[in-house]
Amino acid sequence: MGVVPDAVRAPDIDEDPLKAELPRPYCGRMAREKVAAVAADADDIVLCADTTVAVGRRILGKPADAAEAEAFLRLMSGRRHKVITAVAVKRGPKIWERDVQSVVKMKSLSDAEIKSYLATGDWQGKAGGYGIQGPAGALIPWISGSFTAIVGLPLAETANLLIAAGYPLTGGT
């Protein structure tokens, strides 16, 4: 989109889901809490996002280790799951937000495919233990929704939020 941030500040928030919290409300809450936690001047525009992978009502966060990543992959193997990305933009006291849900089908994975993927280390720090933009893209035969939202930032929706906040996007974005 041609947007270059003046600063990158990681918000320090608790990302644990609340008891019985559903994936979509959880993801929206994370984006809102992140944007609220970033200290900014009144005219600064702050953008935060959160991506959540869900199998049914179960939230698959960032795996703590390779064993948890393997468990996530086995759970998603041969099934569809949802990827939800929520974006929040703040300027002064005003917050604009949007979430995008996509459906992703992961192929049935063999033990060798799981072992090979885990060995790449690409699962680290990624919701659900995979990133579609990396080696795991070979494990995803079908999506319905926004590819950029699955990667972690829905560009079309984010552009609209930035424009609403007064950011001067130009050049066809």
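Values in this document were obtained by computation on a predicted structure and should not be read as measured data.
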S.K.: Hey, is CG on Asp12 packed in by over 12 heavy atoms from elsewhere, all under 6.0 Å?
M.R.: no
S.K.: Go through the steps for Val104 and Arg80 under the test side-chain contact (heavy atoms from CB on, under 4.5 Å), then give the verdict.
M.R.: CA-CA 5 Å; Val104 179; Arg80 292 180 184 187; over 6 Å; no
S.K.: Between Arg29 and Glu21 (salt bridge meaning N to carboxylate O under 4.0 Å), is one present in this structure?
M.R.: yes
S.K.: Within the distance-only criterion (no hydrogens, no angle test), does the side chain of Lys90 pair as donor or acceptor with the backbone N or O of Val38 below 3.5 angstrom?
M.R.: yes
S.K.: Determine, using the 4.5 Å side-chain heavy-atom cutoff (strictly less than), whether Ile114 and Ile132 are members of one ILVMFWY cluster.
M.R.: yes
S.K.: Decide whether Ile163 and Ile45 are clustered together by the hydrophobic rule: side chain heavy atoms of Ile, Leu, Val, Met, Phe, Trp, Tyr closer than 4.5 Å, transitively.
M.R.: yes
S.K.: Taking it one step at a time, do Val55 and Phe72 satisfy side-chain contact (heavy atoms from CB on, under 4.5 Å)?
M.R.: CA-CA 9 Å; Val55 176; Phe72 288 174; over 6 Å; no
S.K.: Taking the six-membered ring for Trp, is the centroid-to-centroid distance between His81 and Tyr130 below 6.0 Å?
M.R.: yes
S.K.: Start with the C-alpha distance between Lys115 and Asp111, add both sets of side-chain angles, then the distance that settles salt bridge (charged side-chain N to carboxylate O under 4.0 Å, His left out), and finish with yes or no.
M.R.: CA-CA 6 Å; Lys115 183 178 178 183; Asp111 289 342; over 6 Å; no
S.K.: Flag yes if Val151 and Leu155 sit in one hydrophobic cluster, no otherwise; membership is Ile, Leu, Val, Met, Phe, Trp, Tyr, and two members link when side-chain heavy atoms are under 4.5 Å apart.
M.R.: no
S.K.: So, do Ser102 and Lys82 sit near enough that their side-chain heavy atoms are less than 4.5 Å apart?
M.R.: no
S.K.: Is it the case that over 12 heavy atoms from other parts of the model lie below 6.0 angstrom from the NZ atom of Lys62?
M.R.: no
S.K.: Quick one: side chain to side chain contact (heavy atoms under 4.5 Å, CB included) partners of Pro168, sequence neighbours excluded?
M.R.: none
S.K.: Quick one: do Leu139 and Val83 end up in the same hydrophobic cluster if we chain Ile, Leu, Val, Met, Phe, Trp and Tyr together by side-chain heavy atoms under 4.5 Å apart?
M.R.: yes
S.K.: CD of Gln133 to CD1 of Ile140: how many Å apart, nearest 0.5 Å?
M.R.: 11.0 Å
S.K.: Please test Val3 against Leu162 for side-chain contact (heavy atoms from CB on, under 4.5 Å), starting from the C-alpha separation and ending with a verdict.
M.R.: CA-CA 10 Å; Val3 175; Leu162 288 170; 4.1 Å; yes
S.K.: With no hydrogens and no angle check, is any side-chain donor or acceptor of Lys107 less than 3.5 Å from a backbone partner on Gly78?
M.R.: no
S.K.: Would you find a donor on one side and an acceptor on the other, under 3.5 Å apart, between the side chain of Asp41 and the backbone of Asp44?
M.R.: no
S.K.: Rounded to the nearest 0.5 Å, what's the gap from CD1 on Ile95 to CZ on Arg32? Could you check?
M.R.: 8.5 Å
S.K.: Checking the side chain of Glu33 only, and the main-chain atoms of Met30 only, is there a donor and an acceptor separated by less than 3.5 Å?
M.R.: no
S.K.: Using 0.5 Å steps for rounding, measure from the CD1 atom of Ile150 to the OG1 atom of Thr85.
M.R.: 8.0 Å
S.K.: Would you say the side-chain atoms of Thr158 and Asn160 include a donor-acceptor pair closer than 3.5 Å?
M.R.: no
S.K.: Is there a donor-acceptor pair under 3.5 Å between the side chain of Lys126 and the backbone N or O of Asp122?
M.R.: yes
S.K.: To the closest 0.5 Å, what do you measure between SG (Cys48) and CD1 (Ile13)?
M.R.: 8.5 Å
S.K.: Contact between Leu118 and Glu70 at the side-chain level, heavy atoms closer than 4.5 Å - yes or no?
M.R.: yes
S.K.: Is Met106 close to Arg79 at the side-chain level, that is, under 4.5 Å between some pair of heavy atoms?
M.R.: no
S.K.: Measure the CG-OG1 distance between Leu60 and Thr52 for me, rounded to the nearest 0.5 Å.
M.R.: 9.5 Å
S.K.: Write down the atom of Gly129, the atom of Tyr117, and the distance for their closest heavy-atom approach.
M.R.: O-CE2, 3.3 Å
S.K.: Does some side-chain heavy atom of Leu161 sit less than 4.5 Å from a side-chain heavy atom of Glu97?
M.R.: no
S.K.: Is there a continuous path of hydrophobic side-chain contacts, each under 4.5 Å between heavy atoms, that joins Leu75 to Ile143?
M.R.: yes
S.K.: Rounded at 0.5 Å granularity, tell me how far CZ in Arg98 sits from CD in Glu157.
M.R.: 4.5 Å
S.K.: Could you check whether any side-chain heavy atom of Asp99 comes within less than 4.5 Å of a side-chain heavy atom of Val87, counting everything from C-beta outward?
M.R.: no
S.K.: Ring of Trp96, cation from Arg91 - is the NZ or CZ under 6.0 Å from the centre and inside 45° of the axis?
M.R.: no
S.K.: Counting C-beta onward and ignoring hydrogens, is there a side-chain heavy-atom pair between Val103 and Trp142 closer than 4.5 Å?
M.R.: yes
